Asker: 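My questions all concern the structure below.
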Amino acid sequence: QKEVEQNSGPLSVPEGAIASLNCTYSDRVSQSFFWYRQYSGKSPELIMSIYSNGDKEDGRFTAQLNKASQYVSLLIRDSQPSDSATYLCAVRGSNYKLTFGKGTLLTVNP
Amino acid sequence: KAGVTQTPRYLIKTRGQQVTLSCSPISGHRSVSWYQQTPGQGLQFLFEYFSETQRNKGNFPGRFSGRQFSNSRSEMNVSTLELGDSALYLCASSTSGGLAGSQETQYFGPGTRLLVL
């Protein structure tokens, strides 16, 4: 059983639309959840972190966490072509290791 | 504050050789984690070091090893290289990691791209 799962995509949205990225995890005791963005040929950079159930907003980004359903999502409002990248969901579990999903490739079309 | 640095950035080796990669964490960060990234498997955790001790380990063969020095700089070594070891190797640092750092952000270096021929 994969520990952190994401739809591989590609997810294609028009400029200005909302992009919705989803992630599920298997470790029920997971404590911390992160979304990283990785441009082609670059290293991952953190865009959002969330630790409690509910929503957390930062600019155009909203992270949503539902621990009962073991589900975390990232919404990107007013998507821009510069948002085109691979989005990695990362979960810190009971062993404190950070486990990554394989990522979802997002393409925002002008 | 300078970011995480990794050297070398690119490396070409042949099967059977060994390789050593280096990582310098952000100043003040004591936890260093290593990851292997491939198109097929994504980002996979190799190991984490804190205060010169390996604190956590992923599911990689013993050919993959690492160490951390007193200044928090870390090296990883891969012996007897195989074609499948071709990957981007990423290093990430955080302040303390582990239990104390469960909410800490890990900051990634630019990576070392290794090609095994």
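A note on names: the letters A, B, ... follow the listed sequences, proteins ahead of strands, and every chain is numbered from 1. All values below were derived from every heavy atom in this structure, side-chain atoms included, with hydrogens, water molecules and symmetry-related copies excluded. These numbers were taken from a predicted model, which means no experiment stands behind them.
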Asker: State whether a side-chain donor-acceptor pair under 3.5 Å links A:Ser73 with A:Gln64.
Answerer: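 Result is yes, a qualifying pair exists.
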
Asker: Anything in residues 106-117 of chain B with a heavy-atom distance to chain A below 4.5 Å? Please list those residues in order.
Answerer: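 Checking residues 106-117 of chain B against chain A gives B:Gln106, B:Phe108, B:Gly109, B:Pro110.
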
Asker: Under 4.5 Å heavy-atom distance to chain A, tell me which part of B:Leu90 shows up: side chain, backbone, both or neither.
Answerer: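 Contact with chain A involves the side chain of B:Leu90 alone.
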
Asker: Could you tell me if the side chain of A:Met48 sits less than 4.5 Å from the side chain of A:Tyr87, heavy atoms only?
Answerer: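 No, every pair of side-chain atoms sits at 4.5 Å or beyond.
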
Asker: Identify which part of A:Phe33 has an atom lying under 4.5 Å from any heavy atom of chain B, answering side chain, backbone, both or neither.
Answerer: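 Interface part for A:Phe33: neither.
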
Asker: For B:Gly66 versus B:Phe47, what's the shortest heavy-atom pair and its separation?
Answerer: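 Heavy atoms of B:Gly66 and B:Phe47 come nearest at N-CZ, 3.8 Å.
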
Asker: Report yes if some heavy atom in the side chain of A:Val108 is under 4.5 Å from a heavy atom in the side chain of A:Gln80; otherwise report no.
Answerer: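 A:Val108 does not reach A:Gln80 side chain to side chain.
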
Asker: Can you find a pair of side-chain heavy atoms, one from B:Asp85 and one from B:Lys13, that are under 4.5 Å apart?
Answerer: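 B:Asp85 vs B:Lys13: side chains apart.
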
Asker: Need one label for A:Glu45: side chain, backbone, both or neither, based on atoms under 4.5 Å from any heavy atom in chain B.
Answerer: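 Neither part.
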
Asker: Set out, in order, the CA-CA distance, both residues' side-chain angles and the distance that settles side chain to side chain contact (heavy atoms under 4.5 Å, CB included) for A:Cys89 and A:Val72, then state yes or no.
Answerer: CA-CA 8 Å; A:Cys89 172; A:Val72 59; 3.6 Å; yes

Asker: Side chain, backbone, both or neither: which part of A:Leu46 has a heavy atom under 4.5 Å from chain B?
Answerer: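 Side chain of A:Leu46 only, per the 4.5 Å heavy-atom cut-off to chain B.
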
Asker: Would you give the length of the straight line joining atom CH2 of B:Trp34 to atom CD of B:Gln68, rounded to the nearest 0.5 angstrom?
Answerer: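 Reported value, rounded in 0.5 Å steps: 11.0 Å.
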
Asker: Does A:Thr99 reach the side chain of A:Tyr25, with side-chain heavy atoms less than 4.5 Å apart?
Answerer: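 A side-chain contact under 4.5 Å is absent here.
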
